[in-house]
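Have a look at this one.
One is the number of the first residue; the rest follow in order along the sequence.
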Amino acid sequence: RVRSDVRPSDLAYVIYTSGSTGRPKGVMVEHAGVVSLLHWLRSITSEEELSCVLGSTSVSFDVSVAEVFGTLCWGGRLVLVENALGLANVPEEAGVRLAFMVPSVAGELLRAGALPRGVKSLYLAGEALPVALVQALYEAGIERVANIYGPTEDTVYATAVEVERGAERVTIGGPIANARIYVLDARQEPAPVGVPGELYLGGAGVARGYLGRPELTAEKFVPDAFSAVPGKRLYRTGDRVRWLATGEVEYLGRIDTQVKVRGFRIELGEVEAALGAHPDVREAVVVVRSDARLVGYVVAAESATLSVADLRSWLKARLPDYM
């Protein structure tokens, strides 16, 4: 038996996410949340799916926790590629049965006719999942499509649903094992079925908070008024949702300026702050176009001349490529 002094409350990892003030936020996740996630993944994943899983996510992103440990901890085999589009180059004899990816990548693979015939299941997360894409995936031979939702602050995933063939709409489902979800109004009171509110997450997956950011932690991780256990907290997602009569939750959008671009969570304020820090920029604003491109608009400081090349170079030194 392997002996270890690691406790459930010990820190497992810190992963940074975009911050609205221009400072990325380090999310502190404990072992208990990861263990709960891994046991849930095992409960929904078959032996055949676990026999070979695609590993395509950078360790800078929390989905890699699900891919790597959700496979290897249960004796599965992981096929590593540079990114999910690399699935197109994985030979069928490699035997990949399950892949995690964002819906837009699944759509690209589908359009290119590059989904290997051996792939049976797709766990899709990180973006809204169009119902038309689900049906197209089933028609292409995929046997199981799951829509999974969750922020880094709740240990990768918080809700899930297996989308049925012929479904008329896609929801984010209900809570995974050991998770709790609430749709609350502005007074943090439960919203009735059908009435939009903010999604709050509770249970085993709630992170410890933000590294070195006590004020932001207190703002986003609030006391859990619905738990009888002292000290429990809920994470405020900033996502606008509503309960459906079916018991599932429908995602409606954001209540702030956070966006998702190709599966990456981006605070537009962080990009604006980086642009605004340029000595020749007086004002800056950033928007997302309908083709999922970030576009920045700037006003030059008095007597300054701006060049696109200079601004791009400035941003590249301060932000990751996807921002």
Side-chain angles (χ1 to χ4, degrees), residues 4-41 55-73 78 80 82-83 100 102 125-126 148-159 176 178-179 199-224 231-239 256 258-271 273-274 316-323:
S4 172
D5 293 328
V6 175
R7 297 167 298 178
S9 60
D10 285 347
L11 196 64
Y13 60 80
V14 176
I15 284 182
Y16 279 79
T17 69
S18 180
S20 58
T21 63
R23 292 176 58 197
K25 304 169 291 188
V27 182
M28 300 184 289
V29 175
E30 298 175 350
H31 281 268
V34 179
V35 170
S36 180
L37 170 79
L38 299 183
H39 278 277
W40 169 74
L41 279 170
S56 64
T57 305
S58 163
V59 294
S60 298
F61 297 98
D62 60 353
V63 174
S64 64
V65 175
E67 283 183 350
V68 176
F69 299 104
T71 300
L72 301 184
C73 283
L78 200 63
L80 298 179
E82 186 172 348
N83 56 59
F100 297 75
V102 295
I148 309 181
Y149 161 91
T152 303
E153 289 87 347
D154 198 55
T155 314
V156 192
Y157 298 132
T159 75
I176 67 171
N178 300 317
L199 180 61
Y200 287 66
L201 305 176
V206 177
R208 184 185 297 180
Y210 298 114
L211 181 64
R213 306 284 294 276
E215 292 183 0
L216 185 60
T217 296
E219 176 188 341
K220 290 293 187 179
F221 294 86
V222 299
D224 185 349
K232 288 295 183 181
R233 297 167 305 148
L234 297 174
Y235 171 66
R236 298 186 61 171
T237 67
D239 287 329
D256 56 21
Q258 188 187 103
V259 298
K260 283 285 186 78
V261 178
R262 296 183 294 278
F264 296 109
R265 191 171 98 181
I266 298 171
E267 295 277 4
L268 295 179
E270 183 173 356
V271 188
K316 279 183 174 292
R318 290 161 176 77
L319 299 173
D321 286 345
Y322 65 89
M323 295 178 72

Minimum-distance pair of heavy atoms, taken over all atoms of Ser36 and Asn178
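In this case the closest contact between Ser36 and Asn178 is OG-ND2, 3.0 Å.
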
Of all the heavy-atom pairs spanning Arg208 and Asp10, show the shortest one and how long it is.
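That closest heavy-atom pairing would be NH2-C, 3.7 Å.
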
CG-CD1 distance between Leu41 and Ile176, expressed to the nearest 0.5 angstrom:
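Between Leu41 CG and Ile176 CD1, I get 7.5 Å after rounding to 0.5 Å.
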
Consider side chain to side chain donor-acceptor pair (under 3.5 Å). Of Glu267, Glu270, Arg265, which one does Thr17 pass it with?
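Of the listed residues Glu267, Glu270, Arg265, the side chain to side chain donor-acceptor pair (under 3.5 Å) partner of Thr17 is Arg265.
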
Say whether, by atom type as modelled, one donor and one acceptor occur between the side chain of Thr217 and the main chain of Tyr210 under 3.5 angstrom.
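Yes, because the side chain of Thr217 sits within donor-acceptor range (under 3.5 Å) of the backbone of Tyr210.
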
Show your working on side-chain contact (heavy atoms from CB on, under 4.5 Å) between Ile266 and Tyr322 and close with a plain yes or no.
CA-CA 9 Å; Ile266 298 171; Tyr322 65 89; 3.9 Å; yes

Could you pull out all residues at least two apart from His39 that satisfy ring pair (Phe, Tyr, Trp, His ring centres under 6.0 Å)?
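Only Trp74 meet the ring pair (Phe, Tyr, Trp, His ring centres under 6.0 Å) criterion with His39.
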
Give the minimum heavy-atom separation between Thr237 and Asp239, together with the two atoms involved.
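Distance-wise, the nearest heavy atoms are OG1-N, 3.0 Å.
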
Taking C-beta and beyond as the side chain, do Val34 and Thr155 meet within less than 4.5 Å on heavy atoms?
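Counting from C-beta outward, Val34 and Thr155 do come under 4.5 Å.
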
When you look at Val63 and Tyr157, which way does the side-chain contact (heavy atoms from CB on, under 4.5 Å) test go after all the steps?
CA-CA 9 Å; Val63 174; Tyr157 298 132; 3.7 Å; yes

Can you list everything that forms a ring pair (Phe, Tyr, Trp, His ring centres under 6.0 Å) with Tyr16? Sequence neighbours excluded, please.
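Not a single residue meets the ring pair (Phe, Tyr, Trp, His ring centres under 6.0 Å) criterion with Tyr16.
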
How far does CD of Glu82 sit from OG1 of Thr57, to the nearest 0.5 angstrom?
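Result: 12.5 Å between the selected atoms.
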
Check the orientation of Phe264 and Phe61. Use parallel for under 30°, tilted for 30 to 60°, and perpendicular for over 60°.
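The arrangement is tilted - the two ring planes meet at 30° to 60°.
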
Could you please spell out the steps behind the side-chain contact (heavy atoms from CB on, under 4.5 Å) verdict for Tyr13 and Val65?
CA-CA 10 Å; Tyr13 60 80; Val65 175; 3.7 Å; yes

Qualifying residues under ring pair (Phe, Tyr, Trp, His ring centres under 6.0 Å), relative to Tyr235, sequence neighbours excluded
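Residues passing ring pair (Phe, Tyr, Trp, His ring centres under 6.0 Å) with Tyr235: Phe221.
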
Let's go through Lys25 and Arg213 carefully: what are the C-alpha distance in whole Å and the side-chain angles of both, what is the deciding distance for side-chain contact (heavy atoms from CB on, under 4.5 Å) to 0.1 Å, and is it a yes or a no?
CA-CA 8 Å; Lys25 304 169 291 188; Arg213 306 284 294 276; 4.0 Å; yes

Write down the atom of Ala158, the atom of Ala179, and the distance for their closest heavy-atom approach.
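Here Ala158 and Ala179 meet closest at O-CB, 3.9 Å.
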
Closest contact, heavy atoms only, Val102 versus Gly126
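Scanning both residues completely, I find the closest heavy atoms to be CG1-CA, 4.4 Å.
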
Restricting to non-hydrogen atoms, name the atom on Leu38 and the atom on Gly70 that form the minimum distance, rounded to 0.1 Å.
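Taking every non-hydrogen atom into account, CD2-N, 3.6 Å.
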
Test Leu37 against every option in Val29, Asp154, Val156, Asp62 by the side chain to side chain contact (heavy atoms under 4.5 Å, CB included) rule and name the one that passes.
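When side chain to side chain contact (heavy atoms under 4.5 Å, CB included) is applied between Leu37 and each of Val29, Asp154, Val156, Asp62, only Val156 qualifies.
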
Does Lys232 NZ have over 12 foreign heavy atoms under 6.0 Å away?
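No, not enclosed.
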
Within the side chain of Arg7, is there an N or O that forms a donor-acceptor pair under 3.5 Å with the backbone of His31?
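Judged by distance alone, no pair lies under 3.5 Å.
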
Any Val27 side-chain heavy atom under 4.5 Å of Pro151 side chain:
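Val27 vs Pro151: side chains apart.
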
